[in-house]
Structure formats: C-alpha cells, structure tokens
Amino acid sequence: MEAIKQINSAINGFVWGPIMLALLVGTGVYISVVTGFKQFTKFGYMWKNTFGKIFQKTEAGKGEITPFQAVSTALASTVGTGNIAGVTGAIILGGPGAVFWMWVSAIFGMMTKFTEVTLAVKYRERNEKGDWVGGPMYYIKNGLGKNWKWLGTVFAVLGMICAFGIGNLTQINSIAGSVNKMVLAFAPGAESASFAINLCTGIVIAAFCAVVLLGGVKRIGQVTEKLVPFMAAIYIVCAIVVIIVHAGKLPAVFGSIFAGAFNPQAAVGGIAGFTIANAIRRGVSRGVFSNEAGMGSAPIAHAATSEKDPVKQGLYGMFEVFMDTIVICTLTSLVVLCGANPQFGNADMAGATTTIDGFASVFGPKFGSALLAIGLLLFATSTILGWSLYGVRCAEYVFGPKIIRPYEIVFCLVVVVGSITELTLAWDIADTLNGLMAIPNLVAVLLLSPVAFKLTKEHFAGIKK
C-alpha cells in the first residue's frame, strides 16, 4: 500500500505540477491569442446566446438533448466539491493570492473549453442506439485519423476508471460527511449513528442515480437542467447574503487577493512557505480541477446537443467555465475571506469546515452547516450524474454498447460503497487519473486547433454578413 502511495504521489506531482499546469494554461493562452481573445471581444455575444436563451423552448430529436441540457449536464459534473472544499483548500494552503491565479486560469480556460466543445460537435457520430456520442476519443479518431485511434482509447480507459473516483467515490464521500455534520449540529449526541447515516445517504443517492441512468442521456439532461439552476441559485443567493453582511471587509479582501498574488507572505502575515509559485500552483490547479478546462470530460456531454453549429455550442463551453469559476468559485472565496477566519497554512482547516465557518458567521453554526450540507448534496449529486455519463461513454467507446448497463449497475453500487469507506488514497488516485486525462486531450486539441480556428472565423464572418 505504501508503494502505491509513493508511485501515485510521484505521478500526481507531474500531472498537477508546473509543467502540466503551464501546458493547460498555455493552451488557453495560445488559443486566445490566435482567435483574438474571443472571451473578451465576444463576451456579450456569448452571454446573449447562452444565458440569454435559457428560458427559450427548444426541442431535441431522438438521441440528442437541447443545448442548455448539454451545458447543464457538463456544469453538473464540473460544479461539485471542488467549488467549495477545493477553493477553500487553495486559499488556506496558497493564500488569498491563489484566487487571483484561479481567475487567470479560468479566463484562458474559457477558450480551451470553447475549442474542446467545438471539436466535440464537429467530429461526433451516432452510436447503435441513435444517440450522438463524442468527446476527445471521437475527435482524436475522426479528426486525427486511424493512426491516432490508440490515443483516443488511452483517454477513454482513463475516463472510464476516473469516473468511479473523481466522479463517484469522492463525491458521495463528501455528501455523506456533510450530511453527518448537519445531523450532529442539530443532534450533538448522534455520533454512534454515523455509520447508519452514511449508509442510508449512500443508498438514497444510489437509488436516485439508478432511476436517472435508466432513462439514458435524455433523462440525465432533463434532470440536470432543473437541478443545476436550482442548486446554483441557492448557493449564490446565500453566498451573496454573507458577502453583503461583511461588505465593509471587501476592500481589504480584494487587496489581499491582489497583494497575495505577487507577495503571498505579506497577505498571510509572513507565514513561511507561502511563495508566488505556491500561490500560482494552488490557484491554477484548483481552477482547472473545478472547471475541467483542458481535461476533456465536458465535451462528452456537449456532443449530445441538438445544436448543429459547433461554434454555437462552443459558446456554452465558454459560459460553463465562467459560471463555474468566475462566479461560483469566487463567491466561495469571498465567503471564506470575509466571513471565516482562515487559518493559513493549517492543512486540517483546508476544506469544507472553514467554508461552514464563513456561512455560520451570518446564518449561525446550525444553519451554516445545513446550508453547506444542502449545497454539497446538490453539487456532488449532480457531479455523480454528469460523470456517470462520461464513464458510460468512455466504456462504450472501448467495449461497445453491451457494456453500458453493467457499467451503470456497478457505478450505482460504488455510490453505496463510497458512502461508508475511508477514501484518502482513492481521492489521491482519482486526482492523478483526472490529471492524466488532460494529456491525450491537449495533444488532440493543439493538433486540431486549426480546424476550430477555421470554424470560428467562418461563424463570426457569417454573423457580420
């Protein structure tokens, strides 16, 4: 077991290390420069054609979902525990400056995700059931040719396994833990019932997932388009209330974010180990981990859209990163920095406990715990649904349609197991696999970027005409 930990730690140090993080952000920088920084110059157009169309009635044909259902499914998988515990951990271990570098990664990640989604719709295909299927494995196979098919298989195998970790075990474990804390906040003597609470939580979530998965991609889309706006609205409103109550602290908080980005020790009171490199690594890695730009996962959901124009769906990918990181992760950061008393450098406080303190500063410890438990419940459950689709599509690519139902059954059973198991090593391995997925995806994105550039140029030239 110790040998596995050491091997995983070495690989993890690379996939989430300076070289890979530079490649992830660098890809976004390269695409931004070549496309003329569309995330800025076409922001209004993007907003009008994504958020502005949320309430429009859209029909989807057989084997496809509406554009908004596609982005909801993708957002369901990206908006998860990383937006709460992950962001808080980055601040505690990297200082307030980590928030600035999280923003930087998101700004360039918007164009990386735009390109991924555009390619996914361009190179998707129909499976035996008539459903649209796509993502990195398909734009590698159909875009780069048969000699590159092995690279698509590598991505699919990693995604198929990773779905059990980052999209299942770790999420249900966070749900069970937050529900347990909520129960203990209202019933302090209930420690002996923790196992039963965790097990019941796992069974309920597994049953819910099973019902949704039985309905296929359309059912997932229908559920996430209702769940994602609801959960986001609850969290955003509660976070804004906390920020308004502590509005007097905002100038100092933003000052610490910008100062901490370039002089971390000044922002945390001179604590040793807080360097610019550490702030960048924590901020960028948490940003990428949260919005998944460059990881290749979200394009799998976007490929099922009824939208025929790859660039129009690509705009939803851009919107997705903006909502996930610039909006939701920023709100979490401000709740922590305004409402809590962050113990910088204390790894034990680098999680949801500190976020609870932020909400508790306004809503009290009981309701603060309840709010975060509900937030984690909705966020993590939606992540499980989104990643179930990713895992199924990856497994289908490798083994064919016969694997779909067995994979879904095992996926639901793992939800129960994850609710009652200590998962420190599982977290670490899942984190590593998630990072490894980026390598084949980024190779394909960079090699196929001229195709995305051409489609983008043609789209906006047509709009002008």
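Positions are given from 1, in the same order as the sequence printed here.
Applying the side chain to side chain contact (heavy atoms under 4.5 Å, CB included) rule to Val392 yields the partners Ile404, Tyr407, Glu408; only residues at least two apart in sequence or on another chain are considered. Contacts of Tyr235 classified as ring pair (Phe, Tyr, Trp, His ring centres under 6.0 Å), with partners at least two apart in sequence or in another chain: Phe359, Phe379. The salt bridge (charged side-chain N to carboxylate O under 4.0 Å, His left out) test applied to Glu320 returns Lys113, not counting sequence neighbours.
For residues 356-368, the pairs satisfying side-chain hydrogen bond (donor to acceptor under 3.5 Å, both in side chains) are His246-Ser361, with sequence neighbours left out. Note on residues 22-35: pairs passing side-chain hydrogen bond (donor to acceptor under 3.5 Å, both in side chains), not counting sequence neighbours, are Ser32-Gln39. A side-chain hydrogen bond (donor to acceptor under 3.5 Å, both in side chains) check over residues 157-169, counting only residues at least two apart or in different chains, returns nothing.
When atom types are taken as modelled, the side chain of Asn441 and the backbone of Met437 share no donor-acceptor pair closer than 3.5 angstrom. Proximity of a side-chain donor or acceptor of Ser9 to a complementary backbone N or O of Gln6 within less than 3.5 Å is not detected. Here the side chain of Gln171 pairs no donor or acceptor atom with the backbone of Thr381 at under 3.5 angstrom.
Counted within 6.0 Å of CZ on Phe230, heavy atoms from surrounding residues, nucleotides or ligands total 12 or fewer; the atom is thus considered open. Heavy-atom neighbours of Phe367 CZ from other residues, nucleotides or ligands within 6.0 Å: at or below the threshold of 12.
Proximity of Phe108 to Thr112: side-chain heavy atoms (C-beta onward) are nowhere separated by under 4.5 Å. Counting heavy atoms from C-beta outward, Ile91 and Ser333 have side chains that approach closer than 4.5 Å. Within the 4.5 Å cutoff, side-chain heavy atoms of Ile276 are placed close to those of Pro264.
Atom-to-atom distance recorded for Ile374:CD1 and Met231:CE is 14.0 Å, nearest 0.5 angstrom. In this structure, CG on Leu389 lies 14.5 Å from CD1 on Ile384, to the nearest 0.5 angstrom.
Between Phe322 and Trp47, the ring center distance clears the sub-6.0 Å criterion.
Between Phe258 and Phe100, the ring planes lie perpendicular to each other; the angle is over 60°, past the 30° to 60° tilted range.
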